[in-house]
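Quick caveat: nothing in here was measured; it's all calculated off a predicted structure.
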Amino acid sequence: MGGAQVAEVATDELQVWVDQDLCTGDGLCVQYAPEVFEFDIDGLAYVKGVDGELRMAPGSRVDVPAHLRLEVIDSAKECPGDCIHVVRGDGVEVAGPDAEED
């Protein structure tokens, strides 16, 4: 019954960050959730806040808007660089390279 897990994740407050050292510049994240991810002039993806400003400091996190949770999780799962980390408020990674596999 995998649906229960999806519902659980959908109700959690989530944050996301990008490890630019691993970013391949592929752009899947920007396609999935352009409100959350954006390329800088260096060709790497960064997260941006609700103010639209890129968070340039390494490890900077932003809240995942409720209506984009699945898109952000999918971007982390599909990212060829495995550089997108989606974490719950308690620090557990729900999608990305450090997430527990089902």
Side-chain angles (χ1 to χ4, degrees):
M1 305 266 185
Q5 183 181 14
V6 171
E8 180 182 316
V9 168
T11 60
D12 286 337
E13 291 297 320
L14 300 177
Q15 290 190 318
V16 62
W17 63 281
V18 176
D19 183 345
Q20 282 79 27
D21 290 339
L22 299 176
C23 181
T24 60
D26 189 84
L28 281 176
C29 59
V30 176
Q31 292 175 24
Y32 274 108
E35 291 176 53
V36 177
F37 303 103
E38 187 174 312
F39 284 124
D40 194 30
I41 56 172
D42 60 7
L44 302 178
Y46 292 83
V47 293
K48 58 184 179 178
V50 292
D51 57 3
E53 292 294 317
L54 294 186
R55 303 299 191 251
M56 304 298 289
S60 292
R61 296 179 178 191
V62 297
D63 292 331
V64 177
H67 68 285
L68 291 175
R69 285 186 182 129
L70 294 179
E71 288 83 352
V72 170
I73 289 169
D74 284 345
S75 69
K77 290 180 177 177
E78 300 296 326
C79 176
D82 280 335
C83 67
I84 300 171
H85 300 263
V86 183
V87 295
R88 292 190 318 223
D90 61 5
V92 173
E93 187 156 314
V94 297
D98 299 328
E100 299 266 336
E101 293 297 322
D102 291 345

Quick one: does [X]'s side chain get under 4.5 Å of [Y]'s, heavy atoms only?
| X | Y | result |
| --- | --- | --- |
| Met56 | Lys48 | no |
| Leu14 | Arg88 | yes |
| Ile84 | Val16 | yes |
| Leu28 | Ser75 | no |

Group every Ile, Leu, Val, Met, Phe, Trp and Tyr by side-chain heavy-atom contacts under 4.5 Å, then state whether [X] and [Y] land in the same group.
| X | Y | value |
| --- | --- | --- |
| Leu68 | Val94 | yes |
| Val30 | Val47 | yes |
| Trp17 | Val64 | no |
| Val86 | Leu44 | no |
| Val18 | Val87 | no |

Exercise for the section: Kindly indicate, with the supporting measurements, whether the criterion salt bridge (Lys or Arg N to Asp or Glu O under 4.0 Å) is fulfilled by Arg55 and Glu38. Expected result: CA-CA 10 Å; Arg55 303 299 191 251; Glu38 187 174 312; over 6 Å; no
Problem - Residue among Phe39, Tyr46, Phe37 satisfying side-chain contact (heavy atoms from CB on, under 4.5 Å) with Cys29 - result: Phe37
Handout entry: Residues that Pro34 engages under side-chain contact (heavy atoms from CB on, under 4.5 Å), provided they are two or more places apart
Key = none
[Y] backbone acceptor or donor facing [X] side chain under 3.5 Å:
| X | Y | result |
| --- | --- | --- |
| Gln20 | Ala45 | yes |
| Glu93 | Asp98 | yes |
| Arg61 | Gly59 | no |

Fill in the blank from the handout: Value for CG (Asp21) from CG (Asp19), rounded to nearest 0.5 Å, stands at 5.0 Å
Completion exercise
Taken to the nearest 0.5 Å, the spacing of Asp82 CG from Cys23 SG works out to 11.5 Å
Completion exercise
What one should report as the nearest heavy-atom pair of Pro65 and Val36 is CD-CG2, 3.8 Å
